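Just passing along the structure, written as structure tokens.
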Amino acid sequence: MCCLRHRHLSGDVVSWLDRAKENNGGRYSETHVENVKVLTKLFPLYGLQLLYRVCITQIPSGYYIQTMNSNLHLGDLLLPIGAMNVISILPLLLLAPLMEFVTTFFLPIEKTPLAPARVITLGHTCAAVSLLVAGFLELHRKAYPLVEQTLSGKVLHVSSMPCFQLAPQYILLGVAEALVTPACSLISFQLIPSHIRGMSLHFLTLSYGGGCLLGAFIIQLVYFCSGGHFYPNSLHDGNLERFFFLLALLMTINTLLFWRLSYRYMDLSVQGKPLNRSSLSEKLLHYKATLRFYDTIEHLSTDSVL
């Protein structure tokens, strides 16, 4: 009864955020609360980017180790380990402007381009397939005989499989990044009113950093549970492919979850417009709040308001 008296609980509100509105006993205007509700609508989008970022961080971690333990010789030339990273950057540099060019000049006017939510689903699928391909290529790499290879003055026993056979997994992750990142930014920009767009983009960036931390936690957890067998000193004796298969499974589940929730981000008709009330209603609410502040009698005439 105390909560009801102070309007902390109410049965006539659609969302718990509605209790913060002034007409429900709160301290904030309806415009402010509705804008916050739009922002919270994007939280599932940000949360489902965490595992995707774990997949992207495999380029400088898991894929890097896999490449380091492959044959880096191109004839008599020893390629740097980071040379394979260029393959993952090429789709990002080429695919994004190509998609913009095609939709601008070749897509008929009466047809709408693919919704950003569907583009994100496609990108997540590419990331899951990339991890699956990486697992199979790791099994394929371990089937090759070992050869000696000198890296940074240290002789290592690595697989004789050429490192360029790992290109498909790099390309798929590059395609995923070219699809997901612009689409996430577009949704965050168009669904949010202009005065809180910066906050929404900060939340999106925070999800990227959270994905890196989640990836480090998963690696440490897998290492602890396996007793170090997933990442031994000699990768040929390890089980890195199982780690890739685990990430592929988790990413597949993540993709299905986003696909189920993608209907929330299909309608981008808000176009960043703030949700405003009518001017008269806003004026009445503001005048009433002013009277309450000065502890006066809330008895208004129609002429005084108009």
Side-chain angles (χ1 to χ4, degrees), residues 39-64 66 88 91-92 95-96 99 114-138 168-191 200-226 230 239-268:
L39 182 61
T40 57
K41 182 181 177 181
L42 292 178
F43 284 171
L45 171 66
Y46 301 148
L48 291 173
Q49 299 310 306
L50 295 176
L51 200 57
Y52 166 73
R53 282 293 144 187
V54 175
C55 298
I56 293 298
T57 55
Q58 294 310 303
I59 293 178
S61 57
Y63 289 6
Y64 185 89
Q66 197 178 17
S88 66
L92 188 60
L95 186 59
M99 290 175 57
L114 196 62
R118 298 190 186 279
V119 175
I120 294 175
T121 305
L122 182 60
H124 284 188
T125 304
C126 290
V129 174
S130 174
L131 269 299
L132 187 63
V133 170
F136 285 118
L137 287 178
E138 176 62 17
Q169 64 195 51
Y170 282 91
I171 294 175
L172 284 169
L173 269 190
V175 170
E177 185 69 354
L179 295 174
V180 172
T181 300
C184 284
S185 300
L186 182 62
I187 291 177
S188 299
F189 187 83
Q190 287 196 337
L191 277 182
S200 68
L201 294 177
H202 285 321
F203 274 114
L204 181 61
T205 306
L206 183 63
S207 69
Y208 294 165
C212 298
L213 294 177
L214 178 62
F217 173 76
I218 294 177
I219 291 174
Q220 191 65 29
L221 181 63
V222 169
Y223 182 82
F224 176 78
C225 294
S226 66
F230 271 40
N239 298 291
L240 186 60
E241 70 280 356
R242 296 183 184 179
F243 176 70
F244 289 149
F245 289 147
L246 174 63
L247 283 185
L249 176 62
L250 294 176
M251 191 61 207
T252 301
I253 297 174
N254 188 83
T255 304
L256 292 176
L257 286 175
F258 182 81
W259 176 70
R260 290 293 301 271
L261 296 175
S262 60
Y263 69 91
R264 299 185 180 186
Y265 313 110
M266 290 296 182
D267 184 15
L268 301 181

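Given the structure is predicted, the values throughout are model-derived calculations rather than measurements.
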Identify each donor-acceptor pair in which a side-chain atom of residues 207-221 lies under 3.5 Å from a protein atom, sequence neighbours left out, and give them as a table.
residue	atom	partner	partner atom	Å
S207	OG	L204	O	2.5

**Message:** Just verifying a value: how many Å separate Y63 OH and L240 CG, rounded to the nearest 0.5 Å?
**Reply:** 10.0 Å
**Prompt:** Rounded to the nearest 0.5 Å, what separation is found between the CG atom of L191 and the CG atom of L39?
**Reply:** 10.5 Å
Check: residues 250-260 side-chain donor-acceptor pairs under 3.5 Å, at least two apart:
residue	atom	partner	partner atom	Å
T252	OG1	A248	O	2.7
N254	ND2	L48	O	3.0
T255	OG1	M251	O	2.7

**Message:** Quick test of your reading of the model: are R242 and E138 salt-bridged, counting only N-O distances below 4.0 Å?
**Reply:** no
**Prompt:** Would you find a donor on one side and an acceptor on the other, under 3.5 Å apart, between the side chain of Y46 and the backbone of L206?
**Reply:** no
**Prompt:** Distance-only, no hydrogens or angles: does the Y265 side chain make a donor-acceptor pair with backbone N or O of C184 under 3.5 Å?
**Reply:** no
**Request:** Starting from the C-alpha separation in whole Å, work towards a yes-or-no answer on side-chain contact (heavy atoms from CB on, under 4.5 Å) for Y170 and I59.
**Result:** CA-CA 7 Å; Y170 282 91; I59 293 178; 4.2 Å; yes
**Prompt:** Between F243 and L247, is any pair of side-chain heavy atoms under 4.5 Å apart?
**Reply:** yes
**Request:** Determine the minimum heavy-atom distance between S188 and L201, stating which atoms define it.
**Result:** CB-CD2, 3.9 Å
**Message:** Working note: C126 + L173, criterion side-chain contact (heavy atoms from CB on, under 4.5 Å); need CA distance, chi angles, decisive distance, verdict.
**Reply:** CA-CA 7 Å; C126 290; L173 269 190; over 6 Å; no
**Message:** Is it the case that the ring center of F203 lies less than 6.0 angstrom away from the ring center of F43?
**Reply:** yes
**Request:** Check the pair H124, Q49 against side-chain contact (heavy atoms from CB on, under 4.5 Å), reporting the backbone distance first and the verdict last.
**Result:** CA-CA 9 Å; H124 284 188; Q49 299 310 306; 3.3 Å; yes
**Asked** With no hydrogens and no angle check, is any side-chain donor or acceptor of T125 less than 3.5 Å from a backbone partner on T121?
**Response** yes
**Euclidean distance, Q58 CD relative to Q66 CD, rounded to 0.5 Å** = 10.0 Å
**Message:** Between F245 and F136, is the side-chain contact (heavy atoms from CB on, under 4.5 Å) condition met? List the steps.
**Reply:** CA-CA 9 Å; F245 289 147; F136 285 118; 4.1 Å; yes
**Message:** More than 12 heavy atoms of other residues, nucleotides or ligands under 6.0 Å from OH of Y223: yes or no?
**Reply:** no
**Prompt:** Do any N or O atoms from the side chain of Y52 and from the backbone of E177 form a donor-acceptor pair under 3.5 angstrom?
**Reply:** yes
**Asked** About how many Å separate CD1 of I187 and NZ of K41, when rounded to the nearest 0.5 Å?
**Response** 10.0 Å
**Request:** Drop me the distance from L92's CG to T181's OG1, to the nearest 0.5 angstrom.
**Result:** 7.0 Å
**Prompt:** If you take all heavy atoms of I120 and A183, which pair is closest and at what distance?
**Reply:** CG1-CB, 3.5 Å
**Prompt:** Is it true that a side-chain atom of S130 and a backbone atom of Q169 form a donor plus acceptor pair closer than 3.5 Å?
**Reply:** yes
**Complete:** For G123 and A176, the nearest pair of non-hydrogen atoms, with its separation, is O-CB, 3.2 Å
